[in-house]
Amino acid sequence: MLVWLTMAEAALQQKSFLSGKVEHFTESVIREMTRQAMLYKAVNLAQGFPDFPAPREVKESAQEAIAGDINQYAITWGAKNLRDAIARQSQVWQGIRVDPETEITVCCGSTEAIVSTLLAVCNAGDEVVIFEPFYENYGPDAIISGAKPRFVKLRPPATSDGEWTFDERELRAAFHNQTKAIVLNTPNNPSGKVFTRGELELIRDLCVEFNVLAITDEIYQHIVYDGTEHISVASLDGMQERTVTINGMSKTYSVTGWRVGWTIAPPEITNAIRKVHDFLTVGAPAPLQEAGAAALGLPPAYYKQLAEGYRVRRDLLLPVLESTGFRCFRPRGAYYVMTDISAFGFPDDVSFTNYLVREIGVAAVPGSSFYSNPRDGARQVRFAFCKRNDTLNEAALRLQRLRKR
Ligand code: GLN
């Protein structure tokens with residue numbers, strides 16, 4: 001008996017209460033920087049959420065839905081009004097025909113949409129190709145789903161006005177028999193790259209050759225600059241049947257806290273995503289889905305103003321950063337700017353952003369959080385410019401102290 005107890009105790013001591021999966025990733029640095037911004041009363045140019053109000057008509061639609069007693073579960077894969085609106089706008093914006101009954105799943109934000117998709121399609125040992133720098137969720141998302149991320153480099157432009165590019169041979173070398181999917185994000189967070197038709201066709205050809213799925217996060221679809229065109233991956237010949245398109249309300253309607261996103265995928269894949277989504281969350285907030293249906297009906301002028309508003313903010317922040325000593329990689333889309341911090345002589349990006357938030361009063365995201373190998377991002381820092389002019393001007397004022405340092 002004594003021996004048995006000792007063995008049981010030993011076994012108990014060895015047993016970890018934690019899943020091995022979570023040891024392979026850290027907490028989100030983006031969200032951590034927001035907490036630090038609050039702690040040090042810094043201007044938050046770290047996490048990408050607008051600090052200005054959401055459109056009045058979108059808020060009113062949500063209020064009406066709540067007052068109208070749309071307060072119980074929506075259909076688990078999404079309220080019919082919202083799915084119909086998504087299908088209608090997919091046709092208008094991208095010329096893609098989507099069946100709202102069998103090809104759309106509304107989720108709790110595009111964050112859940114991506115993880116539900118990966119859980120629905122990946123088996124242990126599958127590989128997922130991801131361009132880096134990447135939005136920091138994709139790495140943990142792949143690990144949670146049991147897949148192994150395989151990173152392909154996006155190289156920063158040589159000049160401030162150049163484009164981020166990738167090496168075709170490096171991308172091809174990442175594809176093989178175990179490759180299940182490629183995760184794409186265009187317009188891209190954090191680089192601001194908007195993938196060109198030529199690049200997407202190359203990716204398409206590899207997906208077809210290796211029978212690989214494209215999981216494409218197009219949440220910044222409407223935020224493009226300088227005449228750049230957003231091309232939806234599913235609109236390319238031969239791609240609709242092997243593409244899961246992820247999108248949502250957060251960035252287009254400035255409602256990041258609502259958590260309404262969706263997937264568009266062929267029926268068989270949608271079926272699998274719906275099962276995962278149902279058991280994970282049952283459904284996204286019902287009244288906010290009704291507001292989503294109304295929001296998707298906003299006129300084309302709304303989307304033009306959205307992009308133009310962000311272009312003005314980009315063109316306000318970039319010269320400020322450049323005159324402070326940052327080398328900026330001019331974004332063509334989304335609302336972030338990646339910068340090179342070599343001129344400041346800090347040992348790395350984390351010591352720099354710590355100094356910036358504590359001593360200068362501006363929060364930014366260290367570049368290493370967008371790379372699998374932190375060293376690759378050690379000279380980079382990301383700023384978000386989805387903020388009021390007042391906020392950007394206050395940041396500009398504070399950054400002057402960095403210049404004088
Ligand atoms: N997409 C935003 C960013 O990159 C916010 C992400 C989040 O915190 N959910 O900052």
Side-chain angles (χ1 to χ4, degrees), residues 25-38 42-52 54 107-118 130-141 144 154 164 183-194 215-224 230 246-262 280-281 284-285 288 306 310 313-314 317 329 331 333-339 349-350 353 356-357 362-371 377 380-388 391-392 395:
F25 55 87
T26 54
E27 260 187 66
S28 158
V29 179
I30 298 177
R31 267 82 81 187
E32 164 62 18
M33 288 314 295
T34 286
R35 291 192 292 271
Q36 288 213 30
M38 289 161 92
V43 178
N44 188 356
L45 303 189
Q47 197 178 10
F49 63 87
D51 67 349
F52 45 83
C107 295
C108 295
S110 62
T111 298
E112 191 235 340
I114 294 175
V115 86
S116 284
T117 300
L118 285 166
I130 301 173
F131 283 107
E132 69 176 344
F134 56 90
Y135 170 50
E136 63 171 4
N137 281 38
Y138 301 156
D141 286 352
I144 288 170
L154 288 175
W164 293 71
V183 174
L184 264 176
N185 174 215
T186 184
N188 187 262
N189 173 11
S191 69
K193 177 180 175 61
V194 180
I215 300 172
T216 163
D217 176 354
E218 301 182 11
I219 191 93
Y220 301 99
Q221 146 177 33
H222 296 283
I223 306 173
V224 285
H230 165 70
I246 313 274
N247 216 318
M249 294 188 69
S250 294
K251 314 292 180 179
T252 305
Y253 305 107
S254 307
V255 286
T256 60
W258 281 18
R259 316 313 302 137
V260 179
W262 52 82
L280 274 182
T281 68
L288 305 185
L306 180 81
Y310 283 128
R313 293 178 180 98
R314 178 195 67 171
L317 185 64
F329 305 119
Y335 47 46
Y336 309 97
V337 52
M338 270 294 242
T339 64
D349 58 323
V350 175
T353 48
L356 204 66
V357 72
V362 176
V365 181
S368 53
S369 34
F370 304 105
Y371 289 89
Q380 293 176 356
V381 161
R382 188 197 79 172
F383 291 88
F385 54 83
C386 45
K387 308 291 170 180
R388 286 178 292 119
T391 310
L392 297 174

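First listed ligand is number 1; within each ligand, the first listed atom is number 1. Residues: numbered from 1 along the sequence shown.
Protein residues lining ligand 1, listed by chain and number: Ile30, Arg31, Gln47, Gly48, Tyr135, Asn189, Tyr220, Lys251, Tyr336, Arg382 [non-hydrogen atoms, distance under 4.0 Å].
Ring centroid separation for the pair Tyr135 and Tyr220 does not come in under the 6.0 Å cut-off.
Between Phe52 and Tyr310, the ring planes lie tilted relative to each other; the angle falls in the 30° to 60° range.
Under the salt bridge (Lys or Arg N to Asp or Glu O under 4.0 Å) criterion, Glu136 pairs with no residue, sequence neighbours left out.
Between the CZ atom in Phe134 and the CG atom in Asp217 there is a gap of 13.5 Å [rounded to 0.5 Å].
Between Pro50 and Tyr335 the shortest side-chain heavy-atom distance falls below 4.5 Å.
In summary, Arg388 and Asp51 engage in a salt bridge, as defined by a charged side-chain N under 4.0 Å from a carboxylate O.
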